[in-house]
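If you read the sequence from its start, that first residue is 1, and numbering goes on from there. Quick caveat, the model's predicted, so the values are computed rather than measured.
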Amino acid sequence: RTDLPDFMRLIDLGLKNPNPRCKRVTIFTIAAMTEFISPEIFEYHQLLLPALLKQLSDTNTGVVESSMSAIDLFCESLSTRLEPYLQTLM
């Protein structure tokens, strides 16, 4: 858990990769981290949630579906920190 800042840089690179498979693996990793590295992962909500929301406009349906699933998991656990994102989510 002390390596989370370094790991977040890798997550950022994975989401920016043009390969849909790389994006989907990165999104799956975010979803897994939501479940297993909680609550520490939520310190990075300002990076992760906007990045996941951006993936909803991807042309690959697998990336979009994976993003929706990860957003659902992330938002379910984010609680009060979710408020700034409600307008965008609705």
Determine, for Arg9 against Asp6, whether the closest basic-nitrogen to carboxylate-oxygen distance falls under 4.0 angstrom.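 Salt bridge between Arg9 and Asp6, a charged N being under 4.0 Å from a carboxylate O: yes.
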Answer yes or no: is there a side-chain heavy-atom contact under 4.5 Å between [X] and [Y]?
X     : Y     : result
Leu56 : Ile71 : yes
Asn60 : Arg21 : no
Ile27 : Gln55 : yes
Asp12 : Thr26 : no
Met8  : Met33 : yes
Leu4  : Glu40 : yes
Cys75 : Leu49 : yes
Thr34 : Phe42 : yes

Smallest heavy-atom separation, Pro18 atom then Lys23 atom, equals CA-CE, 4.5 Å
Could you please spell out the steps behind the side-chain contact (heavy atoms from CB on, under 4.5 Å) verdict for Met68 and Leu52? CA-CA 8 Å; Met68 289 175 18; Leu52 287 170; over 6 Å; no
Point-to-point distance, once rounded to the nearest 0.5 Å, from CZ of Arg24 to OG of Ser69: 10.5 Å
CD1 of Ile30 to OH of Tyr44: how many Å apart, nearest 0.5 Å? 13.5 Å
Main-chain N/O of Lys54 paired to Ser57 side chain as donor or acceptor, under 3.5 Å: yes
Common cluster, Leu53/Phe74, ILVMFWY with side-chain heavy-atom separation under 4.5 Å: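 As far as the 4.5 Å side-chain criterion goes, Phe74 and Leu53 are connected within one cluster.
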Spell out, yes or no, whether Ile37 and Leu48 are grouped together once hydrophobic residues are joined by side-chain heavy atoms under 4.5 Å, including indirect joins. yes
